[in-house]
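So the structure is just underneath, and the comments pick up after that.
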Amino acid sequence: WLEASSQCQACERDQGRESRSERLKCIPAQIRTAATTGYRPYRHRVELDRHLREWIQNRRHRAGRPSLYIHGPVGTGKTVAVARAACKAVLDGVFHDIMWVREASMLQWAKSMYGEQSEGMQNLQRCRMVPLLVIDEIFAAPSSYTDHAKGVIGDLLATRFDRGAATLFTSNELPIFGSIFDNNSTPDMQRLQSRFEGSTAYVSVKEHVDLRRQ
């Protein structure tokens with residue numbers, strides 16, 4: 001019985017890792033491949049990897065700020081570095097599930113969210129509750145935030161901040177959260193801005209090395 005039990009536990013570990021690998025398929029294939037094959041440790045990337053590693057270690061112990069905002073010039077490898085860290089964190093069991101989205105997708109879901117069974121509603125609800133949410137290229141299109149989108153996405157992020165849920169942001173822009181969500185100075189938006197500032201650590205990728213041109 002003990003031998004059988006040990007084998008079952010080993011199977012469960014293998015199956016669990018296999019299941020976690022399946023969850024990583026939400027990361028676009030090209031990004032996932034770049035993150036796991038032929039990853040080149042440029043100087044600025046080593047520093048970014050360190051910040052990500054420390055943030056994930058803190059999340060393992062429920063310490064530190066639950067959100068990490070990484071910003072810097074185009075092509076410096078932010079997205080791939082985040083994908084690499086996220087893959088390892090999920091495979092190591094730090095997070096049992098992940099969702100990878102782009103800001104453009106969230107804005108589109110907000111437009112089409114009407115009805116409880118709508119795809120937009122289901123996707124946004126998953127964004128709200130998933131243990132690790134990666135939002136790639138946030139604030140790429142600030143003019144696309146309608147009042148409706150501000151309310152929907154703002155409420156989603158506020159829920160994650162309140163729950164202390166792990167959220168990773170990448171952006172080419174400085175954190176312009178306030179200019180989008182606090183521009184009408186309503187109490188709800190002011191609270192959201194305060195939560196964002198209190199829940200988020202920031203990493204700036206300063207060295208401009210366009211890896212796409214290497």
Side-chain angles (χ1 to χ4, degrees), residues 17-57 59 66-110 119-120 122-124 126-142 144 153 156-157 160 165-175 200-214:
R17 191 172 181 83
E18 182 179 346
S19 176
R20 290 193 290 270
S21 295
E22 285 294 311
R23 294 187 178 100
L24 292 175
K25 290 183 178 179
C26 68
I27 303 174
Q30 185 176 3
I31 295 173
R32 197 169 67 246
T33 299
T36 56
T37 305
Y39 189 76
R40 300 172 69 180
Y42 293 99
R43 182 177 63 186
H44 71 285
R45 204 177 234 179
V46 169
E47 183 70 7
L48 178 53
D49 288 343
R50 180 182 66 80
H51 283 293
L52 283 161
R53 185 168 58 251
E54 289 176 354
W55 181 79
I56 289 170
Q57 287 173 348
R59 296 306 303 149
S67 301
L68 183 64
Y69 187 103
I70 298 170
H71 63 94
V74 172
T76 48
K78 302 180 298 295
T79 294
V80 173
V82 167
R84 181 177 173 84
C87 286
K88 179 171 175 54
V90 172
L91 290 174
D92 288 352
V94 180
F95 305 105
H96 71 264
D97 203 359
I98 178 176
M99 190 167 183
W100 181 286
V101 299
R102 295 182 69 183
E103 177 191 59
S105 297
M106 297 181 72
L107 291 169
Q108 186 60 44
W109 294 338
E119 182 179 3
Q122 292 176 2
N123 286 333
L124 289 168
R126 178 158 159 71
C127 285
R128 184 190 300 265
M129 302 306 297
V130 73
L132 174 60
L133 175 65
V134 180
I135 305 178
D136 192 26
E137 296 187 5
I138 195 169
F139 305 140
S144 298
I153 296 175
L156 182 158
L157 293 175
R160 294 192 65 81
T167 310
L168 280 167
F169 302 92
T170 73
S171 182
N172 298 330
E173 307 294 338
L174 292 170
T200 308
Y202 302 93
V203 174
S204 176
V205 182
K206 297 179 181 179
E207 186 169 344
H208 192 158
V209 179
D210 192 339
L211 300 185
R212 296 188 181 99
R213 298 179 183 271
Q214 297 297 312

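Computation of the quantities below employed the complete heavy-atom set of this structure, encompassing side-chain atoms and omitting hydrogens, waters and symmetry-equivalent molecules.
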Using a 3.5 Å distance criterion without hydrogens, assess whether the side chain of K78 forms a donor-acceptor pair with backbone atoms of V205.
no
Which residue pairs satisfy the salt bridge (Lys or Arg N to Asp or Glu O under 4.0 Å) criterion with at least one member in residues 99-108, sequence neighbours excluded?
R102-E137
Among all residues two or more places apart in sequence or in another chain, which pass the side chain to side chain contact (heavy atoms under 4.5 Å, CB included) test with [X]?
X	result
C127	M99, V101, W109, L133, L156
A104	none
K88	D92
I56	A85, A89, V94

Side-chain donor-acceptor pair under 3.5 Å between R32 and T36, yes or no?
no
According to side chain to side chain donor-acceptor pair (under 3.5 Å), who are the partners of [X], at least two apart in sequence or on a separate chain?
X	value
S67	none
R126	D97
N123	none

Taking the side chain as every heavy atom from C-beta outward, state whether [X] and [Y] have any atom pair closer than 4.5 Å.
X	Y	value
C26	I98	yes
L52	I70	yes
T79	W100	yes

Worked check of side-chain contact (heavy atoms from CB on, under 4.5 Å) between V82 and V134:
CA-CA 8 Å; V82 167; V134 180; 3.8 Å; yes
Check salt bridge (charged side-chain N to carboxylate O under 4.0 Å, His left out) between [X] and all other residues, then give those that pass, not counting sequence neighbours.
X	result
R84	none
R160	none
E54	R50

Nearest heavy atoms of [X] and [Y], plus distance in Å:
X	Y	result
I138	S171	O-OG, 2.8 Å
C87	L24	CA-CD2, 3.8 Å
Y69	L174	OH-O, 3.4 Å
R59	F95	CB-CZ, 3.9 Å

Give the C-alpha distance, both sets of side-chain angles, the deciding distance and a yes or no for side-chain contact (heavy atoms from CB on, under 4.5 Å) between L168 and I135.
CA-CA 6 Å; L168 280 167; I135 305 178; over 6 Å; no
